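Report on the following structure.
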Amino acid sequence: MVDVHPEHAQLQADRIYLGWQYILLHPDPGPPPKRPSPAEEAPAQGPDPDLVRRERLQQDLLNRPMRIFRRFMLALTVLLVVLAVAGYLDWSFALLGLVAAGGVALICSYALVQGDRAVRYRIQEQQAREDRRRQERDKELFRAQEEHAQRYREWQEVKERHDRQLTWYAVAVPDDVDRIDVAGGTLPGWSALVTLIGATRLYSGGHLTVLDLSEGAIAKDLIELARRGGDDPLVWVLPTDLPRLDLGATLKPEAFADVLAHVVSVSEEHRSTRDLSFDNAILERVLEVLGENATISQVTAALRALAQVGDPRDDLRYGLITATQLERIGTLFGRGVSDRVVIERAWALESQLRKLETLGTQAVRLPPARLRVVSMDRQAGVFGNRVLGTYVATALTHILRQSPASDRPWYHTIIVAGADKLRGDVLDRLMDACETSRTGLVLTYRSLTPTVRERLGRGHAAVAFMRLGNAEDARVASEHVGTEHRLELAQLTETISDSLPGLDGGYTSTISQVDGKAEGHGEGATDLAEDITESTEWGRTADKIGEKERVLQRSREFLVEPHQLQQLPTTSVIVTDATAQGRRVRLADANPAILTFPRTTLGELEDLREAVLSLDPRQAPEGGEEAPPNLGPPPPRLDWRKDRT
């Protein structure tokens with residue numbers, strides 16, 4: 001099983017990577033729990049002065065009659081003594097009065113003392129109650145702080161797990177998928193996807209051929225990445241490099257005639273198989289006359305002779321045909337007016353094929369290269385580019401048909417960008433040839449034409465949808481995926497998509513710089529993430545993107561509805577493929593710079609979900625690093641420079 005840690009993960013040769021899926025298996029726990037704090041109160045220094053004052057005041061109010069009565073008794077005692085001394089009162093009566101008045105005064109004094117004692121007792125009781133309440137509050141605060149400490153430790157563990165978790169999981173399809181159909185998308189989006197697929201295929205030891213019919217130089221970053229990895233890619237820019245394009249030079253006459261017949265059919269979308277067979281028959285007979293290894297210029301010269309166009313002596317003088325061949329061509333289909341149909345078709349064939357006359361006229365021995373790019377110059381005519389694209393696709397088809405099946409699926413991968421510019425039968429033949437030869441095939445379509453809809457996902461193919469600007473195309477794609485699916489879109493994907501620069505410039509031909517000698521390559525393994533950072537436009541902004549990746553961790557869900565598909569970010573890819581459990585639908589970001597993020601893994605979510613959920617920071621060793629689960633050794637590292645021939 002693949003190791004969950006990004007620094008341990010390696011590319012797997014049996015996986016075709018289409019992007020990364022943003023998933024947070026551990027949700028954000030939010031802010032930390034609030035620490036309980038004691039109530040703001042003054043420290044206790046003795047009895048509460050307010051309480052003492054209230055109690056004293058209350059006791060004074062209660063004792064006021066008693067004090068007045070005691071004073072009266074004391075005054076009466078003094079009066080009796082004065083009267084007895086003055087002789088106005090007998091001492092016997094005076095003594096009896098003194099005893100009675102003094103006793104009453106003593107009783108009143110005792111009552112007042114008892115009242116003061118009761119006040120002090122009540123104050124002490126109140127103080128004791130306050131002390132007990134304070135002790136209870138302190139105990140409750142201590143228990144609350146202990147609970148807070150426990151909750152904080154739990155929050156800290158959850159937060160650490162959230163902060164350290166993987167956020168980007170690889171979205172890949174197994175190599176037993178024959179083909180990947182990509183519908184919709186923009187040129188920057190295609191560039192990201194082609195760079196990602198191409199880089200992972202090359203890095204895992206494979207070979208790649210890109211037929212770029214988009215006229216947008218979408219493989220430019222991939223070329224720079226391959227050079228960074230030590231390869232010397234071959235880049236043809238047609239029609240400028242047509243003389244050095246030797247594709248199809250080794251085909252047998254029957255196959256060569258078939259290729260040329262399909263090239264002619266580019267301008268005649270509704271030509272039937274019968275019409276193609278008729279053109280094929282004409283070309284086969286012409287090639288029989290010319291012999292093996294006939295060039296396009298010889299074929300067009302023969303067709304001019306057959307169509308009775310121009311002066312054949314010019315072609316004889318230039319050595320395109322011989323006098324014997326000219327005589328045989330004149331008798332191929334008879335000399336009567338009934339052959340007018342042949343003459344008209346020969347004229348049509350010549351007018352189309354003359355765009356390929358320079359093909360292979362300056363062919364040289366090319367060094368081995370694991371990346372080959374054939375592109376169309378945007379300055380050339382639209383129709384001429386369609387002719388050239390059809391020729392390359394059909395010639396590749398025949399070469400694949402003659403090649404033995406590969407032992408390793410997707411070892412050789414072909415990417416056709418803008419495949420909706422090819423006829424349906426050309427696509428069908430290419431699909432069949434790739435399937436029988438176990439060659440990986442990626443087809444990107446700008447729009448879902450009827451021809452594309454008939455072939456989308458046919459056979460054992462994975463289907464991917466990118467941004468679909470056309471409302472009808474978005475509706476068809478939504479029905480294909482299913483509107484019940486909820487997909488999670490990362491905020492980072494939307495942010496980066498809004499700031500993506502457009503593609504500028506074009507390809508630089510490498511064929512014109514080839515001297516015919518095989519060039520050596522550097523030795524040693526390279527790191528794909530480092531190569532992406534150093535050599536691609538995506539990687540040059542990786543530091544800034546990585547900083548945002550740590551900040552922008554929000555995401556939103558959306559349903560697969562037409563208006564949502566029309567607003568997909570540039571690099572978003574909805575991938576659908578069939579599994580043993582049924583069809584699965586995943587949303588990926590094809591931005592290759594995500595591979596450089598610290599929390600990106602090359603493992604898939606289905607394979608790593610249980611392992612990631614089982615990670616526990618409490619089991620981390622000293623030093624703060626998480627202890628990785630025992631998932632077995634990582635897969636062997638695959639050398640970029642392996643198997644170059």
Side-chain angles (χ1 to χ4, degrees), residues 3-8 21-52 54-55 121-169 486 488-492 546-557 597-601 603 605-631:
D3 196 326
V4 300
H5 293 271
E7 63 270 20
H8 300 161
Q21 184 178 10
Y22 181 82
I23 293 291
L24 292 179
L25 295 180
H26 300 289
D28 189 349
K34 186 177 180 181
R35 178 181 176 84
S37 58
E40 295 293 336
E41 57 183 15
Q45 300 292 339
D48 186 1
D50 292 336
L51 175 63
V52 173
R54 288 195 303 270
E55 291 292 337
Y121 179 77
R122 288 198 298 273
I123 292 175
Q124 292 174 355
E125 283 293 320
Q126 185 67 24
Q127 183 65 33
R129 286 195 295 270
E130 291 295 332
D131 291 341
R132 287 193 296 271
R133 282 197 292 267
R134 187 177 297 108
Q135 291 175 359
E136 289 296 328
R137 286 196 300 269
D138 292 342
K139 290 180 181 179
E140 291 178 0
L141 178 61
F142 181 74
R143 288 194 297 269
Q145 289 177 343
E146 283 189 335
E147 293 176 359
H148 168 266
Q150 177 63 26
R151 292 198 306 271
Y152 186 83
R153 285 192 296 269
E154 294 174 354
W155 174 88
Q156 199 172 28
E157 292 173 359
V158 175
K159 182 65 174 176
E160 182 181 0
R161 189 182 298 117
H162 169 268
D163 292 342
R164 294 175 62 87
Q165 70 179 320
L166 301 173
T167 56
W168 296 95
Y169 296 84
R486 285 186 175 273
E488 186 173 0
L489 179 62
Q491 181 186 5
L492 176 68
E547 182 64 29
K548 291 183 178 180
E549 194 266 344
R550 289 189 289 272
V551 177
L552 304 177
Q553 291 191 3
R554 292 192 295 267
S555 61
R556 66 176 177 88
E557 287 188 345
F597 291 173
R599 289 187 286 173
T600 299
T601 178
L605 177 63
E606 293 82 359
D607 299 332
L608 302 181
R609 182 186 295 271
E610 294 183 2
V612 172
L613 290 176
S614 66
L615 292 178
D616 191 350
R618 290 175 295 184
Q619 300 176 0
E622 295 183 0
E625 295 297 328
E626 289 183 3
N630 184 15
L631 300 178

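Below, all heavy atoms of this structure are taken into account, side chains as well, without hydrogens, waters or symmetry copies. Model, not experiment: these values are computed from the prediction.
- The structure places CH2 of Trp155 at 10.5 Å from CD of Glu160, a figure rounded to the nearest 0.5 Å.
- With rounding to the nearest 0.5 angstrom, the OH atom of Tyr22 is 8.0 Å from the CG atom of Leu492.
- When atom types are taken as modelled, the side chain of Arg151 and the backbone of Lys34 share no donor-acceptor pair closer than 3.5 angstrom.
- Remark: Glu140 CD to Arg133 CZ distance equals 12.5 Å, nearest 0.5 Å.
- The side-chain hydrogen bond (donor to acceptor under 3.5 Å, both in side chains) check on Arg486 picks up nothing, with sequence neighbours excluded.
- Gln165 has its side chain within reach of His162: a pair of non-hydrogen atoms, C-beta onward, lies under 4.5 Å apart.
- Residues that satisfy the side-chain hydrogen bond (donor to acceptor under 3.5 Å, both in side chains) test with Arg132, not counting sequence neighbours, are absent from this structure.
- Separating the CG atom in Leu166 from the CG atom in Leu24 is a distance of 10.5 Å, to the nearest 0.5 Å.
- The two residues Tyr169 and Ile23 have their closest heavy-atom pair at CE1-O, 3.8 Å.
- Across all their heavy atoms, Arg599 and Asp163 have their closest contact at NH1-O, 2.7 Å.
- Atom-to-atom distance recorded for Gln145:CD and Arg143:CZ is 11.5 Å, nearest 0.5 angstrom.
- In this structure, a donor-acceptor pair under 3.5 Å is present between the side chains of Arg129 and Gln126.
- Within the 4.5 Å cutoff, side-chain heavy atoms of Glu154 are placed close to those of Gln150.
- A distance of 12.0 Å separates CZ in Arg161 from CD in Gln156, rounded to the nearest 0.5 Å.
- His26 has its side chain out of reach of Val158: every pair of non-hydrogen atoms, C-beta onward, lies at least 4.5 Å apart.
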